[in-house]
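See below for the structure under consideration.
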Amino acid sequence: MPNAENMLAVAGTRPRELAAPGLSPRPRRKVAVLSCMDTRIDLFAMLGLERGDAHIIRNAGGLVTDDVLRSLSASQRLLGTEEIIVVMHDGCGLHGASEDAFAQALAADGVLPSWRLGAFEDVEDTLRHSLARLRSSRELLAREHISGFVFNPEDGTLREVAASAE
Ligand SMILES: [Zn+2]
């Protein structure tokens, strides 16, 4: 069942809770978080974030795409963030997915997208590549503080993945 009607009704019951009068759009903690869209990841609880603290950018996989670089550029150049945290996780839907099968299914529907699914085999290796791409992206003003974490939704632990030395 579609949820939109119910969601609109719920929002309508709590405008006071939702309003953020006077809260700056500039993230208080000067940080942007890129994460997978996975339903099990509660970034606010995980990272100790409050509304107003951080920019949150989510997509399938938590991958660094051109559009993520667009958002991070805006985050840094327009809204003053200086740090990036990337959160991937164990058990991701893209882990072990077939890039070819996905492309073939799209092609069967007459679609040849300019983007790729971003399927991967090794979450830590993929995260290291993402961190390296961010560090070499001159669209970004601040590249000194870029960290990567992998979340395990089964036991709730978060581990850091260091960037490769390259
Ligand atoms: Zn995922």
Side-chain angles (χ1 to χ4, degrees), residues 1-4 6-7 10-11 27 29-76 79 81-109 111-137 139-140 142-143 145-166:
M1 286 295 283
N3 286 278
N6 175 258
M7 289 173 168
V10 167
R29 291 174 65 176
K30 299 188 185 225
V31 61
V33 179
L34 166 64
S35 168
C36 183
M37 65 188 184
D38 191 279
T39 59
R40 297 164 293 179
I41 300 175
D42 180 348
L43 291 170
F44 285 80
M46 180 190 294
L47 304 176
L49 292 170
E50 306 281 347
R51 187 152 59 145
D53 277 349
H55 279 143
I56 306 289
I57 303 160
R58 301 189 73 160
N59 65 22
L63 301 177
V64 178
T65 61
D66 287 350
D67 194 65
V68 164
L69 288 174
R70 179 186 71 86
S71 295
L72 288 172
S73 296
S75 178
Q76 294 198 349
L79 293 162
T81 64
E82 297 172 349
E83 180 175 4
I84 300 169
I85 311 280
V86 182
V87 178
M88 294 183 74
H89 67 101
D90 294 323
C92 188
L94 292 187
H95 191 181
S98 168
E99 196 74 49
D100 288 346
F102 198 79
Q104 281 163 16
L106 284 166
D109 287 331
V111 186
L112 294 172
S114 57
W115 43 266
R116 289 169 55 80
L117 174 62
F120 57 84
E121 292 302 324
D122 182 324
V123 64
E124 299 190 358
D125 197 43
T126 303
L127 182 49
R128 271 189 287 272
H129 276 96
S130 288
L131 298 175
R133 180 169 177 195
L134 291 173
R135 287 207 171 86
S136 64
S137 293
E139 299 93 317
L140 305 176
R143 288 175 282 153
H145 302 290
I146 299 175
S147 305
F149 304 145
V150 175
F151 175 63
N152 180 337
E154 296 304 318
D155 66 11
T157 56
L158 195 63
R159 61 187 187 272
E160 179 159 22
V161 170
S164 49
E166 50 181 330

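Counting starts at 1 for both ligands and their atoms, in listed order. Just so it is clear, the structure is predicted and the values come from calculations on it, not from any experiment.
One finds a salt bridge joining Asp90 and Arg159 here, because a Lys/Arg side-chain nitrogen approaches an Asp/Glu carboxylate oxygen to under 4.0 Å. Note on Arg133 versus Asp66: salt bridge recorded, some NZ/NE/NH1/NH2 to OD/OE distance being below 4.0 Å.
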Q: Show the numbers, then the answer: is there a side-chain contact (heavy atoms from CB on, under 4.5 Å) between Glu124 and Leu127?
A: CA-CA 5 Å; Glu124 299 190 358; Leu127 182 49; 5.6 Å; no
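At least one side-chain heavy atom of Leu134 sits under 4.5 Å from a side-chain heavy atom of Leu72. Residues Leu69 and Val64 meet the side-chain proximity criterion, which asks for heavy atoms closer than 4.5 Å.
For the Zn ion (ligand 1), the count of nearby protein N/O/S atoms, taking only those under 2.8 Å, is 3.
Annotation for Glu160: atom CD counts as buried by contact number, over 12 foreign heavy atoms lying within 6.0 Å.
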